[in-house]
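First the proteins, then the strands, lettered A, B, ... as listed; each starts at 1.
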2 protein chains.
Amino acid sequence: MSRWRGFEELVEVINSGSFSAAAKVLGVSKGHVSQQISRLEDRLDTRLLHRTTRKISLTETGAIYYQQCRQVVEDLEAAERAIGALQHEVKGRLRIAAPHLLGEVMLVPAIANFMKRNPELTIDLHLSGRRVDLIEEHFDLAIQVGARKDINVVNRALAPTKFYVVASPDYLMDHVAPVRPADLKQHNCLLFMDAGFSKPWKFRGTGSTVKISVNSNWHSNSGYALRSAATQGLGLAYLPDYYLKDDLASGKLVTVLHGWQSIDREIVAIYQHKAHLSAKLRLFTEFLEEYFAREIQPLQAV
Amino acid sequence: MSRWRGFEELVEVINSGSFSAAAKVLGVSKGHVSQQISRLEDRLDTRLLHRTTRKISLTETGAIYYQQCRQVVEDLEAAERAIGALQHEVKGRLRIAAPHLLGEVMLVPAIANFMKRNPELTIDLHLSGRRVDLIEEHFDLAIQVGARKDINVVNRALAPTKFYVVASPDYLMDHVAPVRPADLKQHNCLLFMDAGFSKPWKFRGTGSTVKISVNSNWHSNSGYALRSAATQGLGLAYLPDYYLKDDLASGKLVTVLHGWQSIDREIVAIYQHKAHLSAKLRLFTEFLEEYFAREIQPLQAV
DNA sequence: AGCTATTGTTCATATATAAAAACAGTATTA
DNA sequence: TAATACTGTTTTTATATATGAACAATAGCT
């Protein structure tokens, strides 16, 4: 039972002018209002209202208490209104975590687009190689490639993405283009490496799946640096489609290993709990889904 | 059920840092706290807390709501403290109604005495011939001679008082002093009359009680005027002991009808409800009781 | 790694609360 | 002046609420 029961009944009795009217407003029985006021008086060990069957009048003590409670009721009403507004409008802060590459290439233009429609929104975009802790670091949303196993979060697939092995035309003038994954061993591969670890390159051919640990004398935790190194002919790079689109179109890079596709992966939005999703978060993820579907064109078959 | 249930649980969960700790502080089960927060979230249609088994963290929405609720809790606590102080100290306003005579003669010095001990008190003394409506006119206390029949008020006897028939020695030189109530018919009686009505004079002899409607060509609603008229030999007056003390001692007036006593009456304090008596009201009536016992000396037997 | 202590949630049950009707009292109205 | 309609309170009964144990999950400890 609440520590402060009865204060709203008191306020409403005064505002309405009678127990009966207050009961009607509050949607309870008048007997209940009577009981609540009585208990409040017992608890405060003072009489708050003088009452005859017809007239209600505040005690001096009651008047002082009423003033404060009235303020409290107004504050609580204001608080609920504020929440309601926040809940149903796209406003406030949206704190997003993402890897550098995805964030810079995909999210920055997407966010720009979304904010044009929702100018009251504040964005806090945090790019890093880590998988952030949503709770600890107060992120509303994390965007990454591949889902999380954490059962406390929702993984929402936004778009599929593929990785391609690419090289510059220059490089391919000097080296024989690989046609099977095993051929990669003969090449210098530009590796994405973070915190000392790199992931193997995976491919799916007709019926078989291959995982290759490649040779490399060049590592970076920056996708931009990897792509740049590849265009300058330093070796082969394994990069996602959304990051290659322009350079493939312009011919600065070309794909190799035709017939071998990388394993499909998903760009995922990750957030806490499906229930009670705030409007801003719900609408932003919906927007991202549409935006990615529109912007990520499947590359011409390789 | 309250319209704002759960806000105190939310505040305490944040203040304590966990559901369990909050439950301990609030003196309820942790299951209950959990349920309250859940309902609050359902009602607001938003998530207020991120929770894992070990960590609690406010949502952006939750943080906003928490700030407001925290303020509300502090305000409610402050309100209760204020009431407590008002309830247990003699301070604030004490609004008293009394008849002119009693008020001027007895209450003014009594109040002066009481206020010396309780300087934080404010007194509002309203003198009139009417029986005031405590509720309607916001009186804490009415002092009068004789109890009220109203079942909604407390009649607290402060002191007994007697009425005496008095005359000036001059008057008695020219007239035969009455010895029985019936003799009053032969005299001019100075009548207390308010709103066109006067009360009969009552007497108790040895074994019998007499009620007399006297003859009068002089009326006033002022006890002071009555007494003054009597000292100037205009006739007989029927006045209370506390108002005659000085004039009887100085010999300006003398009592008649020896052997016939007026009906004893009570000076009464009248207030709303015995329960929840404020400290100032309780202490003031107690003080009046003592003060009257000390100050109203029984007149020498008549 | 495995164990322990502690977390928040869920569920059946005991308790407390709110409703509805009966009650007592008082302004209003005819 | 009597009838009436409405007041706040009381009481019984139906409903809702809080509990406490069982549960699932996790951080810290050894």
Can you measure [X] atom [atom1] to [N] atom [atom2] for me and round it to whole angstrom units?
| X | N | atom1 | atom2 | result |
| --- | --- | --- | --- | --- |
| Gln36(B) | dT10(C) | CD | P | 14 Å |
| Lys55(B) | dT6(C) | NZ | P | 19 Å |
| Glu9(B) | dG8(C) | CD | P | 14 Å |
| Asp133(B) | dT26(C) | CG | P | 12 Å |
| Leu49(B) | dT7(C) | CG | P | 16 Å |
| Ile37(A) | dA18(C) | CD1 | C1' | 15 Å |
| His50(B) | dT9(C) | NE2 | P | 14 Å |
| Arg3(B) | dT17(C) | CZ | C1' | 19 Å |

Quick one: CG on Leu40(B) to CD on Glu8(B), what's the gap to the nearest 0.5 Å?
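Going from CG on Leu40(B) over to CD on Glu8(B), the span is 11.0 Å.
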For the NE2 atom of His50(B) and the CG atom of Asp133(A), what is their distance to the nearest 0.5 Å?
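Result: 10.5 Å between the selected atoms.
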Anything under 3.5 Å between a protein N or O and an N or O of nucleotides 3-5 of chain C, put it in a table, one pair a line.
none

Could you tell me whether the phosphate oxygens of dA18(D), OP1 or OP2, come under 4.0 Å of any side-chain nitrogen or oxygen in Arg5(B)?
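Arg5(B) to dA18(D) OP1/OP2: side-chain N or O found under 4.0 Å.
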Looking at Arg51(A), I'd like to know whether one of its side-chain N or O atoms comes within less than 4.0 Å of OP1 or OP2 on dT9(D).
yes
Between Thr122(A) (side chain only) and Arg93(A) (backbone N and O only), is there a donor and an acceptor less than 3.5 Å apart?
no
Taking all heavy atoms of Phe7(A) and all of Cys69(A), pick out the closest pair and write down the distance.
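Of all heavy-atom pairs spanning Phe7(A) and Cys69(A), the closest is CB-SG, 3.6 Å.
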Kindly give the heavy-atom pair with the smallest separation between Gln68(A) and Asp75(B), and that separation in Å.
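The answer is OE1-O, 4.3 Å.
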Selection: residues 17-35 of chain A, any non-hydrogen atom under 4.0 Å of DNA chain D
Ser18(A), Phe19(A), Ser20(A), Lys30(A), Gly31(A), Ser34(A)
Check the pair Tyr66(B), Asn15(B) against side chain to side chain donor-acceptor pair (under 3.5 Å), reporting the backbone distance first and the verdict last.
CA-CA 10 Å; Tyr66(B) 165 73; Asn15(B) 290 352; 2.7 Å; yes
Strictly below 4.0 Å, N to O, side chains only: are [X] and [Y] in salt-bridge contact?
| X | Y | result |
| --- | --- | --- |
| Arg3(B) | Glu77(A) | yes |
| Arg95(B) | Glu60(A) | no |
| Arg131(B) | Glu137(B) | no |

